Trainee: 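First the structure, which I've put down as structure tokens, then a few questions once you've had a look.
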2 protein chains.
Amino acid sequence: MAGDGGLQSVRRAFAILDAVAAGGDAGTGVTAIAAATGLAESTAHRIAATLVSLGALRRLPDRRYALASRLIWLGAAAASASIDRAVPVLTRLVETLGESANLAVLSGDRAEYVAQIPSPHSMRMFTEVGRRAELNCTGVGKAMLSALPDDRIEAIIARTGLPQKTEHSISEPDALWAEIAAARARGWVLDEQEQELGMRCIAAPIAGPAGDVYAVSVSGPLTRITDALIERAVPLLTGAAEEIAGLLDGSRPPRNRPD
Amino acid sequence: MAGDGGLQSVRRAFAILDAVAAGGDAGTGVTAIAAATGLAESTAHRIAATLVSLGALRRLPDRRYALASRLIWLGAAAASASIDRAVPVLTRLVETLGESANLAVLSGDRAEYVAQIPSPHSMRMFTEVGRRAELNCTGVGKAMLSALPDDRIEAIIARTGLPQKTEHSISEPDALWAEIAAARARGWVLDEQEQELGMRCIAAPIAGPAGDVYAVSVSGPLTRITDALIERAVPLLTGAAEEIAGLLDGSRPPRNRPD
DNA sequence: CGGCAATCTTCCGTATTGTGGAAATCTTCT
DNA sequence: AGAAGATTTCCACAATACGGAAGATTGCCG
């Protein structure tokens, strides 16, 4: 093996998958892939073609590449064990705080809820797992943004804009950047009725070892997610984030990034 | 490139990921990986080590390998676009039949619900997306089993047994194999209160181009999922399976496999 | 429609990377 | 402690992957 990284061509294949994932849902051309990975265009083309034949990438009509279904399947298989291991952590959050706990993953330009332990209260925030949500107006979305490099955030905002779910949703880029800065400083974010009127949510980001990004959150109605509960919940939440990070391949919460 | 498959080492890396995915949640050793892929043990070891350094595999304390979180992330990113494209198909099913429609993926040894369009009826089957379910006693599970090679089915059964959710759940391997044979013959399966008392579900398998397996289903309470509705729904369901297969990288429904 | 620029695709000589057999090491069981 | 099986390391070498160059395609503009 040349160095500690193992097989060069396998590493390059994953770099190409990352570049395509970062390129957004409209697809990524060979020139952009080559630029993002530092590979020659013909090399990038050949590896991308291999990934297409393997079902990990697909070709769009305009010759761009997008992620494909073999990754869905492998991801689901990988998630089977990892999320199962996160469930007890979420469960303890719920038992301690009495509110719903969620785990989300950054999925394209949106947040996808991948696990939820519901609150025992009859009135609770109802989040369908598998549902995708905007990044700018959800706790988990803002938490995950805070774990991304600035240029990645800019690319996402350029593609998605800042969709409005309620009158409280963040509608100005400056306000979102301020939220991100605050999240980076204190390690958690608050969704103050931005996703849904009457609902409040706190969330903490989790960074995986390879650029994968998640968030864990606690959510419920405004009447119960008081400032006192938030104060009590934050250390538990950030502790849960750390614990889940450890379960997801020994990763750690993100360091602050003063880009 | 040697042949049409592209880079040999990238193909081998994915073959190793498949072998680890097929090996179950307890992990897979180098010798088993080498046997499953036909590679030399030292080659398999080196590629697996590369995948560990990339975050696609992780090492267990007993030196076995398991799928890791980079695949969750890539899978979620890939799912972002693919499932979005399947949602209109599910929606049309619901609008036509008036019952909930679901999309599930084979996730480890279980079925994971990845999308759901709920029925407009106030009493409906409530399936939390992201929830995992047993393969032997769910429509989507049995449908997906029917799309797998027999030896893969045997390995799954050996690991999971045949868990019982209701008194109707399939508890004998012979009965499950008969269900699988029937599913292969007609292209869809029926869950007759096996997952939940009072609930009925029909499901059709979808095979991806690279061994990835999904199922689309229509479900509801016994009182509404009548034989007449099933008769009416089956061609719509299998048509939806075909359509979703086409959206998931041009794949087609599985051919019968008379192993 | 033609021209142009940008992007994509193919080809090929070659050197670098990946290979697999053999040996060494580790782990588990009796 | 010994044996057997599994895992890991090493290294010579050949086969695979590489990238530059040339050719092909696409989209835009006048």
Side-chain angles (χ1 to χ4, degrees), chain A residues 1-68 155, chain B residues 1-68 155 249-250:
Chain A
M1 291 200 276
D4 285 3
L7 273 62
Q8 175 180 252
S9 53
V10 176
R11 280 187 287 109
R12 285 175 165 185
F14 273 83
I16 284 175
L17 291 175
D18 287 345
V20 174
D25 292 347
T28 309
V30 166
T31 305
I33 290 171
T37 55
L39 300 176
E41 288 186 20
S42 58
T43 301
H45 179 262
R46 193 176 342 104
I47 299 175
T50 303
L51 293 167
V52 167
S53 73
L54 291 169
L57 289 183
R58 63 190 165 94
R59 297 252 309 176
L60 304 180
D62 63 358
R63 298 186 304 176
R64 290 169 177 246
Y65 295 94
L67 300 179
Chain B
M1 293 198 277
D4 285 1
L7 274 61
Q8 174 181 251
S9 54
V10 175
R11 282 188 286 108
R12 288 175 162 186
F14 273 83
I16 285 175
L17 292 174
D18 287 347
V20 174
D25 292 346
T28 309
V30 166
T31 305
I33 290 172
T37 55
L39 300 176
E41 288 184 16
S42 58
T43 301
H45 178 261
R46 192 174 344 101
I47 299 175
T50 303
L51 292 168
V52 167
S53 74
L54 291 169
L57 289 183
R58 63 190 166 94
R59 297 252 309 175
L60 304 180
D62 63 359
R63 299 188 303 178
R64 289 168 178 246
Y65 295 93
L67 299 180
D249 307 307

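The chains referred to below are lettered A, B, ... by the order of the sequence lines, with proteins before strands, and numbering in each begins at 1. Bear in mind that the values here come from a model prediction, so they are computed numbers and not experimental data.
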Trainee: State, to 0.1 Å, how close Ala44(B) and Ile33(B) come at their nearest heavy-atom pair, and which atoms those are.
Mentor: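 Minimum heavy-atom contact is CB-CG2, 4.1 Å.
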Trainee: Quickly, which of Leu51(A), Leu57(A), Leu17(A) forms a side chain to side chain contact (heavy atoms under 4.5 Å, CB included) with Tyr65(A)? Name it, please.
Mentor: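 That would be Leu57(A); it is the only one of Leu51(A), Leu57(A), Leu17(A) passing the side chain to side chain contact (heavy atoms under 4.5 Å, CB included) with Tyr65(A).
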Trainee: Looking only at side-chain N and O atoms, does Ser9(A) come under 4.0 Å of OP1 or OP2 in dG18(C)?
Mentor: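 Affirmative; the distance criterion is met.
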Trainee: Which residues pass the side-chain hydrogen bond (donor to acceptor under 3.5 Å, both in side chains) test with Ser9(A), not counting sequence neighbours?
Mentor: Ser9(B)
Trainee: For Thr31(A) and for Gln8(A), find the nucleotide of DNA chain C with the closest heavy atom, then tell me which residue's nucleotide is more 5'.
Mentor: Thr31(A)
Trainee: Through what angle, rounded to 10 degrees, does the axis of the helix from dC1(C)-dG30(D) to dT30(C)-dA1(D) turn between its ends, using five pairs per end?
Mentor: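 Rounded to the nearest 10 degrees, the bend comes out at 50°.
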Trainee: Measure the CG-CZ distance between Leu7(A) and Phe14(A) for me, rounded to the nearest 0.5 Å.
Mentor: 12.0 Å
Trainee: Between dT8(D) and His45(B), is there an OP1 or OP2 to side-chain N/O distance shorter than 4.0 Å?
Mentor: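 True: His45(B) side-chain N/O within range (under 4.0 Å) of dT8(D) OP1/OP2.
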Trainee: Which part of the nucleic acid, if any, lies within contact of Arg59(A), taking any heavy atom under 4.0 Å across all strands shown: a base, the sugar-phosphate backbone alone, or nothing?
Mentor: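 Result for Arg59(A) = sugar-phosphate.
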Trainee: Rounded to the nearest Å, what distance is computed from the CG atom of residue Leu60(A) to the P atom of nucleotide dT26(D)?
Mentor: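 For the pair Leu60(A) CG and dT26(D) P, the rounded distance is 15 Å.
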Trainee: Quick one: what's the B/S/- string for nucleotides 19-24 of chain D, heavy-atom cutoff under 4.0 Å, read 5' to 3'?
Mentor: BB----
Trainee: Start with the C-alpha distance between Arg64(A) and Thr28(A), add both sets of side-chain angles, then the distance that settles side-chain contact (heavy atoms from CB on, under 4.5 Å), and finish with yes or no.
Mentor: CA-CA 5 Å; Arg64(A) 290 169 177 246; Thr28(A) 309; 5.7 Å; no
